[in-house]
There are 2 protein chains.
Amino acid sequence: MGQGADHLTSNQAQVLDHLRAANAPMTAYQLLGRMQNDRGAVAPPTVYRALKALEEAGLIRRIETLRAWAPVATVRPGVVVICDDCGTVRGVEAPGLLESLHERLVAEGFAEARKTIEVHGRCGDCAEDRA
Amino acid sequence: MGQGADHLTSNQAQVLDHLRAANAPMTAYQLLGRMQNDRGAVAPPTVYRALKALEEAGLIRRIETLRAWAPVATVRPGVVVICDDCGTVRGVEAPGLLESLHERLVAEGFAEARKTIEVHGRCGDCAEDRA
DNA sequence: CGGATATACGTTATAGTATAACATAGCGCA
DNA sequence: TGCGCTATGTTATACTATAACGTATATCCG
Ligand SMILES: [Zn+2]
Ligand SMILES: [Zn+2]
Ligand SMILES: [Zn+2]
Ligand SMILES: [Zn+2]
């Protein structure tokens with residue numbers, strides 16, 4: 001399966017570094033602010049282009065429910081689990097789940113092209129903190 | 001389970017009518033345009049307030065992957081299936097799937113609060129049209 | 001070498017999505 | 001009547017994303 005480019009430009013690497021250094025998804029404009037701190041003048045297209053390339057390379061994902069970006073490297077499609085307390089995002093492999101959903105839709109004549117599955121809640125660590 | 005208001009204001013009913021009359025999700029600003037056609041001056045908060053109330057009442061959902069709104073009345077959480085050709089949106093009940101994902105996450109100590117599952121692809125009707 | 005192509009990036013402007021903040025109007029009821 | 005509540009009106013602004021065009025650089029090949 002095509003995973004996109006095998007090398008990153010300096011813009012792309014910088015955006016990826018910031019996402020990996022964060023412990024929660026970042027909005028495009030948060031990233032823009034960090035880039036401007038680092039380098040002075042940077043405009044939105046610079047950030048969005050890097051995000052697009054990184055997403056196509058399978059290195060990050062847009063978290064649709066947050067309008068933000070996270071360095072989740074799960075194979076697509078996959079399940080993304082988000083803690084609303086601490087912001088951590090994890091990819092979860094759930095092949096059985098995806099397969100049974102797939103069968104279900106095929107039976108109805110629907111040809112699936114892309115799935116987005118995002119689960120919000122509270123992670124184990126945060127639950128302990130409140131105990 | 002709280003389903004929200006049991007009666008709709010005129011704004012809310014108007015927004016819901018437009019969504020139901022459409023055969024595809026509508027963006028908030030598309031709705032705004034229709035309202036302005038109907039009534040003259042209308043501002044974005046009028047639309048967004050109606051959307052919020054309708055969503056809380058379980059009558060519509062925001063399709064996160066489209067940044068648009070659709071009159072999907074499935075019980076939440078549920079699976080939303082979107083045809084990228086004709087735009088139709090359907091709610092699909094999949095209690096088994098959701099339960100197995102739930103068990104999986106519980107086992108990891110994650111307390112689920114909200115799931116968003118959106119599947120894009122091509123519906124049976126559109127597949128026939130291309131045959 | 002010289003020219004064609006491709007890719008990334010810079011820069012300016014603008015489109016598209018959503019909410020803050022405050023004012024007004026109407027209703028139910030003490 | 002006066003108060004609290006809800007919905008709505010109104011103005012302004014915040015936030016998210018892309019269009020369009022120009023420039024620099026690398027690469028390929030004639
Ligand atoms: Zn930095
Ligand atoms: Zn957490
Ligand atoms: Zn109308
Ligand atoms: Zn279709």
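Only this structure's heavy atoms are used, side chains among them; waters, hydrogens and symmetry mates stay out.
- A salt bridge is absent between A:Arg114 and B:Glu118: the closest approach of a Lys/Arg side-chain nitrogen to an acidic carboxylate oxygen does not fall below 4.0 angstrom.
- Residue B:Leu31 contributes atom CG, which lies 14 Å from atom C1' of C:dG16 at whole-angstrom precision.
- For the pair B:Leu32 CG and D:dT8 P, the interatomic distance rounds to 15 Å; values are reported in whole Å.
- The side chain of A:Pro45 approaches D:dA19 more closely than any other nucleotide in the set D:dA19, C:dA18, D:dT11.
- The side chain of B:Asn11 lies closest to D:dG9, out of D:dG9, C:dT12, C:dC9.
- Taking atom NZ of A:Lys52 as the reference point, atom C1' of C:dA8 lies 12 Å away to the nearest angstrom.
- Salt bridge status for B:Arg62 with B:Glu64: present, with a side-chain N to carboxylate O gap under 4.0 Å.
- In this structure, B:Gln14 places its CD atom 14 Å from C1' of D:dA7, rounding to the nearest Å.
- Listed pair B:Thr46 / D:dT8 fails the phosphate criterion, with no side-chain N or O lying under 4.0 Å from OP1 or OP2.
- Of the two residues contacting DNA chain C, namely A:Ala50 and A:Pro44, the nearest-nucleotide position lying further toward the 5' end is that of A:Ala50.
- Residue A:Gln12 has its side chain nearest to C:dC9 when only D:dA17, C:dA18, C:dC9 are considered.
- Residue A:Tyr48 places at least one side-chain N or O closer than 4.0 Å to OP1 or OP2 of D:dA17.
- Salt bridge status for B:Arg90 with A:Glu108: present, with a side-chain N to carboxylate O gap under 4.0 Å.
- Residues A:Arg39 and A:Gln14 bring a donor and an acceptor atom of their side chains to less than 3.5 Å of each other.
- For A:Thr27, no side-chain nitrogen or oxygen approaches OP1 or OP2 of D:dC15 to under 4.0 Å.
- In this structure, B:Ile63 atom CD1 and C:dA18 atom P are separated by 12 Å, rounded to whole Å.
- Residue side chain B:Tyr29 does not reach the base of C:dA15 through any donor-acceptor N/O pair under 3.5 Å, judged by distance alone.
- Whole-Å rounding puts the A:Leu51 CG to D:dC15 P distance at 18 Å.
- The CD atom of A:Glu64 sits 16 Å away from the C1' atom of C:dA18 (whole-angstrom rounding).
- Nearest-nucleotide mapping onto DNA chain D: of B:Arg67 and B:Arg49, the residue sitting toward the 5' end is B:Arg49.
- Distances shorter than 4.0 Å separate some side-chain N or O of A:Arg62 from OP1 or OP2 on D:dA17.
- Note on A:Leu16 and A:Val42: same hydrophobic cluster, where clusters join Ile, Leu, Val, Met, Phe, Trp and Tyr whose side-chain heavy atoms are under 4.5 Å apart, directly or indirectly.
- Rounding to whole angstrom units, CZ of residue B:Arg39 and C1' of D:dA7 are separated by 12 Å.
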